[in-house]
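In this chain, numbering begins with 1 at the start of the sequence shown.
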Amino acid sequence: MRFSTLFSVAATLVASAVTLVNAQVADPYTDPSTNITFQRFYQAQKDFSFGIVTPETPSDEFIGQLTGPVKGGWTGLSLGGGMMQALLIVAWKNGEEIVHSFRYASQFSSPPLYTSPGPVLTPLSCGTGINETHWTLTFVCKGCNEWTSGGFDLDSDSGRFGWAVASQAPATPAKPDSPVNKHDGQGQFGVPLSAASSSLYEIVKARCK
């Protein structure tokens, strides 16, 4: 096979890979429990979803909605795209509760708690709950766009996030700081932050405290 043909095949494969990555983008989704429209990414194979909505006036907070399967071990969200040196939110079902925590990874192992001051996650009563198949955590995240080694601009056109799902439960599921096992699936996705603002933001935030 000639070099030009090999180059053409390689270019086609690269283009296909880029198209696949670019396809991993959030879409509008109106949550029936809050009636607010999130920019939500759904990963069907691992049954993961995350949605985000921002206030009309840009600030340092957003409302997030993280959903995972009740039969799964834990579900994770990276606010920086990858796992390393990014603020992570890890959550799982424990009985009738949803346990959650901020984590931060400086190496590829169970990430410890993120204890630096700044980010605060406050669950909302609307849109948070557990049914036969899924748990959903809807929350206000204030200061979650900045962390020790980075961050992202909530007022930018787009942002890149990451997801992870594990089938094995955390070692001590009642404790937010429990070590977690390696995930079975992971990836990254884009969010059009410029389309994430909502006039209902403050209304939902006040109603669902």
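Considering CE of Met83 and CZ of Arg103, their distance stands at 10.0 Å, rounded to 0.5 Å. Remark: Leu79 CG to Phe152 CZ distance equals 5.5 Å, nearest 0.5 Å. Atom OG of Ser149 sits about 9.5 Å away from atom CE of Met84, to the nearest 0.5 Å. Annotation: the span from Phe161 atom CZ to Ser78 atom OG amounts to 9.0 Å, rounded to 0.5 Å. Ile52 CD1 to Thr54 OG1: the interatomic distance, rounded to the nearest 0.5 Å, is 7.0 Å. The distance from the CG atom of Leu200 to the OG1 atom of Thr34 is 8.5 Å, given to the nearest 0.5 Å.
In this structure, Ala195 and Gln39 approach most closely via the heavy-atom pair O-NE2, 3.3 Å. Closest of all the heavy-atom pairs between Pro111 and Ala105 is CB-CB, 3.9 Å. Considering every non-hydrogen atom in both Ser198 and Glu56, the closest pair reads O-CG, 3.6 Å. Nearest heavy atoms, Pro69 versus Trp135: O-NE1, 3.7 Å. Among all heavy-atom pairs drawn from Gly73 and Pro170, the shortest one is O-CD, 3.4 Å. When all heavy atoms are compared, the tightest approach of Gln45 to Gln43 is N-OE1, 3.1 Å.
A donor-acceptor pair shorter than 3.5 Å can be found between the side chains of Tyr114 and Thr148. When only modelled atom types and interatomic distance are considered, Ser158 and Arg160 share no side-chain donor-acceptor pair under 3.5 Å. With no hydrogens or angles considered, a side-chain donor-acceptor pair links Asp184 and Ser167 at under 3.5 Å.
With contacts defined as side-chain heavy-atom distances shorter than 4.5 Å, the pair Thr75/Phe48 qualifies. Side-chain contact between Ser59 and Leu154 is absent, with no heavy-atom pair separated by less than 4.5 Å. Residues Gln65 and Leu137 have side chains not in contact (no heavy-atom distance under 4.5 Å, counting atoms from C-beta outward). Looking at heavy atoms from C-beta onward, Trp147 lies out of side-chain contact with Gln85 at the 4.5 angstrom threshold. Inter-residue side-chain proximity for Phe139 and Ile89 is flagged as met; some heavy-atom pair is nearer than 4.5 Å. By the 4.5 Å heavy-atom criterion applied to side chains, Phe62 and Val53 are not counted as neighbours. With a 4.5 Å cut-off on side-chain heavy atoms, Phe102 and Leu87 count as touching.
Counting only residues at least two apart or in different chains, salt bridge (charged side-chain N to carboxylate O under 4.0 Å, His left out) contacts with residues 197-209 comprise Glu61-Lys205. The stretch residues 142-201 participates, sequence neighbours left out, in these disulfide bond (SG atoms under 2.5 Å apart) pairs: Cys141-Cys144. Applying the disulfide bond (SG atoms under 2.5 Å apart) definition to pairs two or more places apart or across chains, none involves residues 66-102.
Leu88 and Val191 are not part of a single hydrophobic cluster, where members link through side-chain heavy atoms under 4.5 Å apart. Residues Ile36 and Leu66 fall into different hydrophobic clusters, defined by Ile, Leu, Val, Met, Phe, Trp and Tyr side chains chained together at heavy-atom separations under 4.5 Å. Hydrophobic cluster membership is shared by Ile203 and Val140, with clusters built from Ile, Leu, Val, Met, Phe, Trp and Tyr side chains linked at under 4.5 angstrom.
Between the side chain of Thr172 and the main chain of Lys175, no donor-acceptor pair closer than 3.5 Å is present. No donor-acceptor distance shorter than 3.5 angstrom exists from the side chain of Tyr201 to the backbone of Thr57, with no hydrogens or angles considered. In terms of modelled atom types and a separation under 3.5 Å, the side chain of Ser156 and the main chain of Asp153 share a donor-acceptor contact. Checked by atom type and distance alone, the side chain of Asn181 pairs as donor or acceptor with a backbone atom of Ala169 at under 3.5 Å.
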Next item on the list: Apply the test side-chain contact (heavy atoms from CB on, under 4.5 Å) to residues Phe38 and Asp31: give CA-CA distance (whole Å), side-chain angles for both, the deciding distance (0.1 Å), then the verdict.
Entry: CA-CA 7 Å; Phe38 291 88; Asp31 172 45; 3.7 Å; yes

Checklist line | Intermediate values then yes/no, side-chain contact (heavy atoms from CB on, under 4.5 Å), Thr30 and Asn35 | finding: CA-CA 6 Å; Thr30 301; Asn35 201 35; 4.0 Å; yes

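Hydrophobic cluster of Trp92: the remaining members, joined at side-chain heavy-atom separations below 4.5 Å, are Trp74, Val90, Val99, Val180, listed by chain and number.
For Phe189 and Phe41, the distance between ring centers is under 6.0 angstrom. Between Tyr42 and Phe50, the ring center distance fails the sub-6.0 Å criterion.
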Side-chain donor-acceptor contacts of residues 120-132 below 3.5 Å, not counting sequence neighbours, with atom names and distances?
residue : atom : partner : partner atom : Å
Ser125  : OG   : Cys208  : O            : 3.0
Thr128  : OG1  : Leu124  : O            : 2.7
Thr128  : OG1  : Thr138  : N            : 2.9
Thr128  : OG1  : Thr138  : O            : 3.1
Asn131  : OD1  : Thr133  : N            : 2.9
Asn131  : OD1  : Thr133  : OG1          : 3.3
Asn131  : OD1  : His134  : N            : 2.7

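Among residues two or more places apart in sequence or in another chain, the salt bridge (Lys or Arg N to Asp or Glu O under 4.0 Å) test is passed with Asp60 by Lys142.
Within 6.0 Å of CD in Glu146 there are 12 or fewer heavy atoms belonging to other residues, nucleotides or ligands.
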